[in-house]
Amino acid sequence: MQQKYIGKAISRVDGPAKVTGTAKYAAEYNVPDLHYGYVVNSTIANGEIEKINLTKAAMVDGVVKIYTHENRPSTAWLSLNYADMDAPPGKPFVPMHNNKVVYNGQPIAMVVAKSFEVARYAASLITVEYKADKSDTDLVANLQNARDPKKGLASFLKPPPPKPKGNAAKAYEAAPLKAGGSFYHGVEHHNPMEPFATTVVYEDKDKLKIYDKTQGSVNTQMYVANVFGLKFKDVRVLSPFVGGAFGSGLRPQYQLFLSVMAALDMQCNVRLTLNRHQMFTFGHRPATLQNTFYGADADGKLQSIQHESVAETSTYEDYTEIVVNWANMIYPSPNVNLQYKLAPLNMASPMDMRAPGGATGMHPVEITIDELAHQAGMDPVEFRLLNYTDEDETTGKPYSSKELKECFKQAAEKFGWAKRNPQPRSMRRGHKLVGWGMATGIWEAMQVPTRAEAILTADGKLTVRSATADFGTGTYTVMAQIAADAMGMSLDNVTFELGDSDMPFAPISGGSFTAASCGTAVQAACLGLKKKLLKKAQSTNAEYKSVNLDDIAFVDGQLQPTNSAVKPIAYTDLAAASKNKQIASKNMGWPQMMKQRKYTRAAHSAIFAEVEVDEDFGVVKVTRLVSAIAAGKILNPKTARSQILGGMVWGISKALREESVMDHRIGRFMNTNLGEYHTPVNADIHQLDVIFVEEDDQIVNDLGIKGIGEIGLVGVPPAIANAIFHATGKRVRNLPIKLNDLM
Ligand code: MOS
């Protein structure tokens, strides 16, 4: 297959639609007789609702109905524990199930009115009497409740820590070089530009069309059908555009449940949107408390890796992520002990947030390694090269490809690392201390079965579709590139469609697995299409009877047999001669399991950071970041670079800004707006450089795609923390790093 478009810096094909406003989001679909919901959230974290006073709200002109646990329609049921693809073990939260409150901000009432403003106003008149019980929301104060997580269906994507190896505690005691400490990371909330929203179009009795903000239209369809006892084919979910998600759209959220419930009950169209404040009442990156104890021999070779993590979860689900498995995937050690526990708190279940577990778990790993390098009197890069491995020691499998050394080399060169004075506090710029630090990142390269359909019409256009998602990730663009190359067509004649549960099956889009999964499906559908084109050629043209698929080049919109005696045929002629003037093929893109299973597949990165620290004020400025990424084949360096830049900015944010601050007396997050929930602004972002170190990896999949959604973030916060150590001599382990940590 020729690669005319794959690997090229093509601008987003959905860009014009987005910047001109023709791209529509879930709350922007206007339908007749639309009713608007507004949710009232609980103000206690644990206890019972004794009384909800609706009298005043019900009197407001325009209010149609108010739902609480007392009148929630019985049409809604939830018998399946796994009603959605990303549900962790436990019992999913059912809005307004009964009078119990299990987290602060829980939806406890919904006003449905003729206008949004009326619904919101009426909701403000609702008063609630509670019987509040003691609530525990502080992870550090509840470590005694930490226990093993329950296993669930999703455990294959999120395996528990491997069994201990050797005797890590003893090896640590005996090690001449020791490092480690305690790392507390606070809660972060997803803050995509588009908050959660659902518009439910009631089409007929039990037949719905749903515009939902989601990373998986089929997942939403499955959830609605399961929960409300509807037929799959009667639930159509659309989400062609998603205004960012970062994992928050992996699971169906309560606005979906409540809007569908009301639409079915009232037999009308309903829209429910959540505001920014409500976005902070559920779903978040969990707080973790991690401890590391690493030991190395006098030469700097690792002898012991011990990493334990306690993360928070809710009282009703065991949300898990891979936090502690990473160290021994990257660093070899004869003695390893990794432990992962959960402490249930009176909070909403945490949710996957970009590089879930990886961004959290790699921070202690890379800081502890930096500390050991410092103790060994070695350069941090040299120390990593000394402890380098091409094998994942947690499984004993080699990496399918791993160009991490090349990442070190290219990023160090670009950064000018050779000029670094290893001594902390040795570099200054005016009255500011300057620090140079680095870290490594890793993220697994996963792939999941996905289906796609390719349709070629007599007008020479190719449409490929799959129910996958594009939440800013570039799916529309890279899939069109793959299809254009697979069919030997001009990109102008190729359209990729997504975000519709009526389209061929795709799982949720996340974990950085969409490009590999859907890309494989697009290739499979195009291959299916080529076979059908040949078959059509054979049925219409005797010359083609003896021509095999392998003997044809599919280029310039033509079948071009290698045997020049056989005349080329245009796709358009074959489509025109077909039923409905089109030829189509629907195929599954399967992971090549037999090849994959002998290897660990992962993307790697090397990040180099420069910081300036003003010790008078504790202010840190990240003046430079260089990130070298080894993530297999880069389908589109422009959209890929954007992904990585986003990860780097988030890394600065995670290191220095973001934290959801809770008042543990009431178990409620307090900084629930973008003014007080700090993220970097333009003035915080300086020089960012992205380098792609391409890998030719035929094991991951045919196209060599590993995925780049998460890897951009992993490793950035520890690179910054290590640079801060180099600048100041202060080892700050908690995140975010605050002014008073450095004054
Ligand atoms: Mo990503 S946290 O899997 O959307």
Side-chain angles (χ1 to χ4, degrees), residues 5-12 215 242 244-247 250 326 352-359 362 399-404 406-407 410-411 439-448 450 468-482 508-520 522 600-607 625-651 654 688-697 699-716 719:
Y5 297 108
I6 293 174
K8 297 291 176 324
I10 311 278
S11 293
R12 270 169 210 274
Q215 286 170 247
V242 180
F246 315 114
L250 290 170
W326 308 104
D352 290 318
M353 186 193 272
R354 201 172 195 177
M362 277 300 283
Y399 282 99
S400 60
S401 60
K402 181 180 174 182
E403 289 294 337
L404 179 58
E406 193 57 28
C407 290
Q410 291 191 26
T440 299
I442 179 172
W443 186 257
E444 282 183 288
M446 294 176 274
Q447 190 185 338
V448 289
T450 301
T468 189
D470 186 338
F471 41 109
T473 40
T475 315
Y476 275 115
T477 312
V478 295
M479 293 307 144
Q481 289 173 258
I482 293 172
I508 44 177
S509 178
S512 299
F513 55 59
T514 298
S517 307
C518 196
T520 301
V522 168
T600 290
R601 296 157 289 131
H604 292 86
S605 66
I607 301 102
L625 274 183
V626 179
S627 183
I629 306 284
K633 176 77 191 168
I634 299 304
L635 293 168
N636 180 332
K638 188 171 183 177
T639 51
R641 181 170 175 273
S642 294
Q643 282 273 58
I644 301 302
L645 288 176
M648 291 164 84
V649 171
W650 199 335
K654 188 165 173 51
L688 305 181
D689 286 300
V690 181
I691 299 165
F692 288 111
V693 177
E694 284 217 9
E695 295 166 319
D696 184 14
D697 190 332
I699 293 154
V700 283
N701 46 65
D702 191 40
L703 284 168
I705 306 165
K706 285 185 175 177
I708 45 151
E710 337 268 336
I711 189 68
L713 168 61
V714 185
V716 177

Which atom names give the shortest non-hydrogen contact between T450 and S517, and what distance separates them? OG1-CB, 3.4 Å
Where the side chain of T475 meets the backbone of F471, is there a donor-acceptor pair that is under 3.5 Å apart? no
Does some side-chain heavy atom of T473 sit less than 4.5 Å from a side-chain heavy atom of T514? no
Can a donor-acceptor pair be found, under 3.5 Å and without considering hydrogens, that links the side chain of W326 to the backbone of W443? no
Distance-minimising heavy-atom pair for T477 and S11: CG2-O, 3.8 Å
Can you name the nearest heavy-atom pair linking G474 to R12, along with the distance? N-NH1, 3.6 Å
Closest heavy-atom contact between Q447 and V700? OE1-O, 3.2 Å
Show your reasoning for whether side-chain contact (heavy atoms from CB on, under 4.5 Å) applies to I482 and I6. CA-CA 6 Å; I482 293 172; I6 293 174; 4.1 Å; yes
How far does NE2 of H604 sit from CD of E406, to the nearest 0.5 angstrom? 14.5 Å
Counting C-beta onward and ignoring hydrogens, is there a side-chain heavy-atom pair between T520 and D702 closer than 4.5 Å? no
Backbone N/O of P356 and side chain of D352: donor-acceptor pair under 3.5 Å: no
Taking the side chain as C-beta and beyond, is there a heavy-atom pair between F692 and I644 under 4.5 Å? yes
Taking side chain as C-beta onward, heavy atoms only, is I607 less than 4.5 Å from S605? yes
Quick one: does any side-chain atom of E710 pair with a main-chain N or O of R354 as donor and acceptor, under 3.5 Å? no
Checking side chain to side chain donor-acceptor pair (under 3.5 Å) for the pair S401/K706: CA distance, chi angles, key distance, verdict? CA-CA 10 Å; S401 60; K706 285 185 175 177; 2.8 Å; yes
Is there side-chain contact between V649 and L688, with heavy atoms separated by less than 4.5 Å? yes
In Å, rounded to the nearest 0.5 Å, how long is the span from CD of Q410 to CD1 of I691? 6.0 Å
If every non-hydrogen atom of A631 is compared with every non-hydrogen atom of I708, which pair is closest and at what distance? CB-CG2, 3.6 Å
Test your reading of the model: is there a side-chain donor-acceptor pair from D689 to the backbone of V626, 3.5 Å cut-off? no
Please give me the minimum heavy-atom distance between V693 and A628, naming the atom from each residue. CG2-CB, 4.5 Å
Output the distance between atom CD (E695) and atom NZ (K402), rounded to the nearest 0.5 Å. 10.5 Å
Are R641 and L645 side-chain neighbours, meaning at least one heavy-atom pair lies under 4.5 Å? yes
Starting at CZ of F513, measure out to CD1 of I508 and round the result to the nearest 0.5 Å. 5.0 Å
Which distance, rounded to the nearest 0.5 Å, do you find between the CD of E694 and the CD1 of I629? 12.5 Å
Short question: side chain of N636, backbone of I10 - any donor-acceptor pair under 3.5 Å? yes
Can you find a heavy atom in the side chain of M353 that is under 4.5 Å from one in the side chain of W650? yes
Can a donor-acceptor pair be found, under 3.5 Å and without considering hydrogens, that links the side chain of R601 to the backbone of A445? yes
Supply the atom-to-atom distance I711 CD1 to I442 CD1, rounded to the nearest 0.5 angstrom. 7.5 Å
